[in-house]
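To keep things clear, I will list the structure first and then write my remarks on it.
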Amino acid sequence: MPPELLGKVHFSVKTVFGPVPSRRLGRSLGIDVIPAKTCTYDCVYCESGPTTHLTIRRHSFIDPGRVMHDLESYFHDYPQGADVLTFSSAGEPTLYEPLGQLLGDIKRRFPQLPLVVLTNGSLLWDPRVRQDLSAADRVVPSLDAATLDVFQRINRPHPTLDLPRILEGLQAFRKEYSKQFYLEIMLVAGINDHAEELLEIRRAVDRLRPDRIELNTVVRPPAYGYARGLSGKAMEEVLRFFPAETSGVIGCFEGAAPVMDSQDLPSRVLELVRRRPCTLPEMAASLGVPLESLGDTLFHLLQKNHLIRYRFNDLDYYRPGSAGK
Ligand code: SF4
């Protein structure tokens, strides 16, 4: 599908979503400028499902003015409605071509809110991408592998992407970028949790010297069913491979979301689960409504096949049904 068409299909939905119950950022208002599952990777653990458009070509999927309009509209309704603004999507945010312009516009308009970009880091070898990210207050690239075999198995990258080049890009960005540089490492059982790989990742970490290293694992339904998370004990073992003073396992979300109108609850529920599957408590926290008030809404959405409920890791998750996509 041509990128122009992808943009039109996707952006019938809003570019601003949440605030989502982020396990690391508190009330994180998401900004999404990428058509769903347009990515440079097709990670086994992706909580948004398999990648449908694997690409490294940057594109202007949407007018930056549209994003500014959605932000203005959100903060008009909920002036205290977020702790942080986060570029995060069911795709790779650095594929958005006017990213630098948009980050600059947002920073000028909302200077009090930290601006974070979560990226898989695969395009940082491109100086234009590094320059674009310079307006963010914090950049959180991923690094799940440091050897070719594990890189292929866990991230399933676009065929033209090359791990040594990606590592060089990360280093170049680290040198140029003076604000907060975090690194996220996603651990998948049986793929990148063995000592040899962890030692290689540690070597890369020593070269990069991130301000913070966040270890994460599969806790939500993954794109590929064989991707399994590590136990809490196993995560503690992995933690020992990384510098004690700057590394941690990402904890559970505890922030309170703003109380929101319940009038447009069905559409808000769908906006949320389109980005990632949610449990009922996550949904309530994110939407700022009591748990019990979601009962009727979910019942009707399930009945009309707008939503599907399914089990993963002994929890009930909701994702869009065929009528809710
Ligand atoms: S986890 Fe991120 S980088 Fe990996 S496929 Fe999903 S959106 Fe892309």
Side-chain angles (χ1 to χ4, degrees), residues 3 6-7 10 13 15 17-18 20 22-25 28 30-59 61 86-96 99 116-126 129 133 136 138-146 150-163 165-167 169-170 173 182-189 191-192 201 214-230 250 272-278 312 317 319-320:
L6 274 166
H10 178 70
V13 298
T15 61
F17 63 99
V20 293
S22 163
R23 291 189 296 152
R24 62 188 136 178
L25 301 169
S28 162
I31 301 172
D32 183 359
V33 288
I34 301 292
K37 285 320 321 246
T38 298
C39 195
T40 56
Y41 287 171
D42 181 20
C43 302
V44 286
Y45 57 77
C46 185
E47 60 190 33
S48 304
T51 294
T52 49
H53 191 60
L54 187 65
T55 181
I56 60 161
R57 192 170 147 227
R58 302 183 81 200
H59 186 75
F61 297 104
T86 305
F87 273 73
S88 153
S89 53
E92 170 48 36
T94 59
L95 283 171
Y96 184 58
L99 183 63
V116 177
V117 179
L118 310 182
T119 168
N120 63 23
S122 61
L123 298 180
L124 290 173
W125 44 265
D126 181 341
V129 172
L133 288 170
R138 185 191 301 173
V139 176
V140 188
S142 309
L143 182 66
D144 305 327
V150 174
F151 176 55
Q152 292 292 339
R153 286 168 64 209
I154 195 165
N155 298 126
R156 303 162 49 87
H158 186 275
T160 61
L161 286 172
D162 172 54
L163 182 61
R165 199 175 181 207
I166 290 171
L167 291 170
L170 277 163
F173 182 67
Y182 285 24
L183 204 63
E184 176 174 354
I185 302 170
M186 177 65 96
L187 280 310
V188 180
I191 299 189
N192 65 345
I201 297 175
E214 299 183 325
L215 302 182
N216 201 350
T217 193
V218 185
V219 291
R220 296 169 171 283
Y224 296 90
Y226 59 86
R228 291 286 156 198
L230 275 61
I250 293 179
L272 192 63
V273 300
R274 273 186 195 124
R275 264 83 187 199
R276 66 180 199 189
C278 281
F312 181 75
Y317 279 86
R319 65 175 163 83

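Source: prediction; values computed, not measured. Whatever order the structure lists them in is the order used to number ligands and atoms, beginning at 1.
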| request: Quick one: look at Asn155 and ligand 1, take heavy-atom pairs under 4.0 Å, and tell me if it's side chain, backbone, both or neither. | output: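 No part of Asn155 comes within reach of ligand 1.
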
| query | So, His158 and Thr160: side-chain donor and acceptor under 3.5 Å apart, yes or no? | reply | yes

| Protein contact of atom 3 (S) of ligand 1 - nearest heavy atom, named by residue and atom, plus distance | Asn120 ND2, 3.3 Å

Check each atom of ligand 1 against the heavy atoms of [X] and keep those under 4.0 Å away; list them by number with element.
X: Cys43; answer: 1 (S), 3 (S), 4 (Fe), 5 (S)
X: Tyr45; answer: 1 (S)
X: Thr51; answer: 5 (S)

Closest approach of [X] to [Y] (non-hydrogen atoms, all atoms of both residues):
X: Phe312; Y: Pro221; answer: CD2-N, 3.4 Å
X: Val117; Y: Leu133; answer: CG1-CD2, 3.7 Å
X: Glu184; Y: Asp144; answer: O-OD1, 4.1 Å

| Would one find an N, O or S atom of Cys46, in either backbone or side chain, under 2.8 Å from atom 4 (Fe) of ligand 1? |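 False for Cys46.
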
| field | Arg220 charged N/C atom sitting above Tyr317 aromatic ring, 6.0 Å / 45° | value | no

| field | Face-on cation placement of Arg156 at Tyr224 ring, 6.0 Å and 45° thresholds | value |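 Geometry flag: set, cation within 6.0 Å and 45°.
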
| query | Has Cys39 got an N/O/S atom less than 2.8 Å from atom 8 (Fe) of ligand 1? | reply | yes

| query | So, for atom 5 (S) of ligand 1, does the protein have a heavy atom nearer than 4.0 Å? | reply | yes

| message | When you measure from the heavy atoms of Gly91 to every atom of ligand 1, does any distance fall below 4.0 Å? | response | yes

| ligand 1 contacted by Lys37 (non-hydrogen, < 4.0 Å) | yes

| task | Check Leu95, Ile34, Leu118 against Ser89 for a side chain to side chain contact (heavy atoms under 4.5 Å, CB included) and give me the one that passes. | result | Ile34

